[in-house]
Number of protein chains: 2
Amino acid sequence: MTHKPDPRTLFQVFKEIGIIEQLSRARLEARLPDGLIAPHFAVLSHLINRGDGAVPIDMARAFQVPKTSMTHTLKGLAAKGHVELRANPQDGRSKTVWLTDKGRALREEVIQALAPGFGDMMQHIDPDELAQMLPTLIKLRSYLDAARNGEGKT
Amino acid sequence: MTHKPDPRTLFQVFKEIGIIEQLSRARLEARLPDGLIAPHFAVLSHLINRGDGAVPIDMARAFQVPKTSMTHTLKGLAAKGHVELRANPQDGRSKTVWLTDKGRALREEVIQALAPGFGDMMQHIDPDELAQMLPTLIKLRSYLDAARNGEGKT
DNA sequence: CTTGAGTGGTACGATATCGTACTATGAATA
DNA sequence: TATTCATAGTACGATATCGTACCACTCAAG
């Protein structure tokens with residue numbers, strides 16, 4: 001049967017998630033060139049997965065960050081030539097974000113650089129166990145996303 | 001049988017974890033008074049759980065943050081009277097951190113303020129499902145922690 | 001059309017994070 | 001003891017995050 005939830009367990013789940021986020025981010029950033037950090041890589045991956053030409057405000061929402069943060073991140077990527085900002089023919093207020101060849105290449109290189117680390121991780125942790133966790137993580141993320149009412153500044 | 005791990009699944013796990021961390025942090029900080037943020041609360045909780053009189057450098061390691069970040073966080077808490085820094089009689093280089101009554105009270109208030117949100121969450125997500133995830137999260141965190149070699153600046 | 005509310009982007013300022021460098025203390029070794 | 005190395009804390013500077021304010025453009029109501 002289902003028992004009363006122990007808040008301590010819940011707290012611990014969030015605590016572990018927080019630390020994992022920190023450590024995995026550090027791990028990723030160790031493989032990124034000089035001035036780039038995790039959010040830059042996240043943007044490149046997003047553009048690969050979802051396709052070119054995204055509107056900055058939509059990306060800010062996808063990442064759950066304020067639009068000013070997205071502006072800052074995109075400025076950094078554009079300055080290094082990894083993305084290109086173009087006017088949005090559909091809406092004069094907004095822009096569209098496009099990957100450059102340099103940006104695509106960088107994303108590929110970083111993934112290659114991460115591969116050995118992934119391999120090592122798989123030797124210490126059962127991949128299936130991680131995969132089984134995914135649906136629960138998605139539920140949790142979805143709930144938190146939906147419950148975040150009113151605060152919707154993004 | 002266990003199949004070859006799909007890197008996409010792995011990526012997604014880290015991505016969901018990253019978003020959950022962001023959203024849960026925002027949720028916590030919405031309940032904190034003016035100038036306090038998540039790391040401040042984390043320190044208060046740590047001192048309750050592990051006991052008073054901890055040494056800053058040990059707390060920095062526990063949280064996996066650079067010692068300069070811990071100095072900054074403790075300075076903020078001390079300025080608001082939630083903790084007190086005292087000399088360490090065991091080691092003239094270091095200090096010890098002590099909760100004040102104000103700090104203990106604040107921690108309690110915040111937990112009370114979080115309770116309704118937890119209750120709501122439990123109505124949408126099976127607590128057992130979260131609890132079952134915990135061992136895997138701990139394994140993952142432990143691995144990442146151990147694998148973080150050489151970078152041990154903290 | 002004109003007007004007024006809503007929205008996307010950015011400038012700006014406050015604060016957080018974190019790397020580097022420095023100081024003071026402790027510990028090990030000769 | 002004297003010398004050398006290691007460690008805890010902090011000052012400082014660079015950059016990231018994010019809230020507020022503002023401008024330009026869109027869209028709907030009239």
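Each chain gets a letter, A, B and so on, in the order its sequence line appears, and its residues count up from 1.
DNA chain D is contacted by B/Thr71, B/Lys75 of residues 70-86 of chain B, taking any non-hydrogen atom closer than 4.0 Å.
Distance CG/A/Leu106 to CG/A/Leu32: 7.0 Å, rounded to 0.5 Å. Rounding to the nearest 0.5 Å places OG of B/Ser142 at 10.0 Å from CG of A/Leu23.
Residue A/Pro127 comes nearest to A/Met122 through the heavy atom pair CG-SD, 3.3 Å, listed as atom of the first residue, atom of the second, then distance. Annotation for A/Arg27 and B/Ala147: closest pair NH2-CB, 3.7 Å, computed over non-hydrogen atoms. Of all heavy-atom pairs spanning B/Gly103 and B/Leu44, the tightest one is O-CD1, 3.9 Å. Across all their heavy atoms, B/Gly76 and B/His40 have their closest contact at CA-NE2, 4.3 Å.
Rounded to an integer number of Å, the gap from CZ of A/Arg61 to C1' of C/dG9 is 12 Å. The distance from atom CZ of A/Phe41 to atom C1' of D/dA16 is 19 Å, rounded to the nearest whole Å. Rounded to whole Å, atom C1' of D/dG19 lies 13 Å from atom CD of B/Glu29. Here the C1' atom of nucleotide D/dC25 and the CD1 atom of A/Ile57 are 14 Å apart, to the nearest Å. What separates CG of A/Leu32 from P of C/dG19 is a distance of 14 Å, to the nearest Å. Taking atom CE of A/Met59 as the reference point, atom P of C/dT7 lies 21 Å away to the nearest angstrom. Between the CD atom of B/Gln22 and the P atom of D/dT17 there is a distance of 9 Å, given to the nearest Å. A/Gln64 has its CD atom 13 Å from the P atom of D/dG19, to the nearest Å.
Residue contacts for A/Ser94: at a heavy-atom cut-off of 4.0 Å it reaches the sugar-phosphate backbone alone, with no base atom in range.
Checking D/dG19, D/dT10, C/dT17 against every side-chain atom of B/Lys95, the shortest atom distance belongs to D/dT10. Candidate nucleotides D/dT20, C/dT17, C/dT20 were compared by shortest atom distance to the side chain of B/Thr68, and C/dT20 ranks first.
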- Sugar-phosphate atoms are those with a prime plus P, OP1 and OP2; base atoms are the rest. Using that split, label each nucleotide of nucleotides 22-28 of chain C B, S or - for protein heavy atoms under 4.0 Å, 5' to 3'. ---BS--
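Toward the 5′ end of DNA chain C lies the nearest nucleotide of A/Thr96, the other residue of the pair A/Thr96 and A/Arg25 mapping further downstream.
Salt-bridge check for A/Arg25 with A/Glu21: passed, with a basic side-chain N closer than 4.0 Å to an acidic carboxylate O. A salt bridge between A/Arg61 and A/Asp145 is absent, with no side-chain N of the basic residue lying under 4.0 Å from a carboxylate O of the acidic one. The pair B/Arg86-B/Glu84 meets the salt-bridge criterion, since a charged nitrogen lies less than 4.0 angstrom from a carboxylate oxygen.
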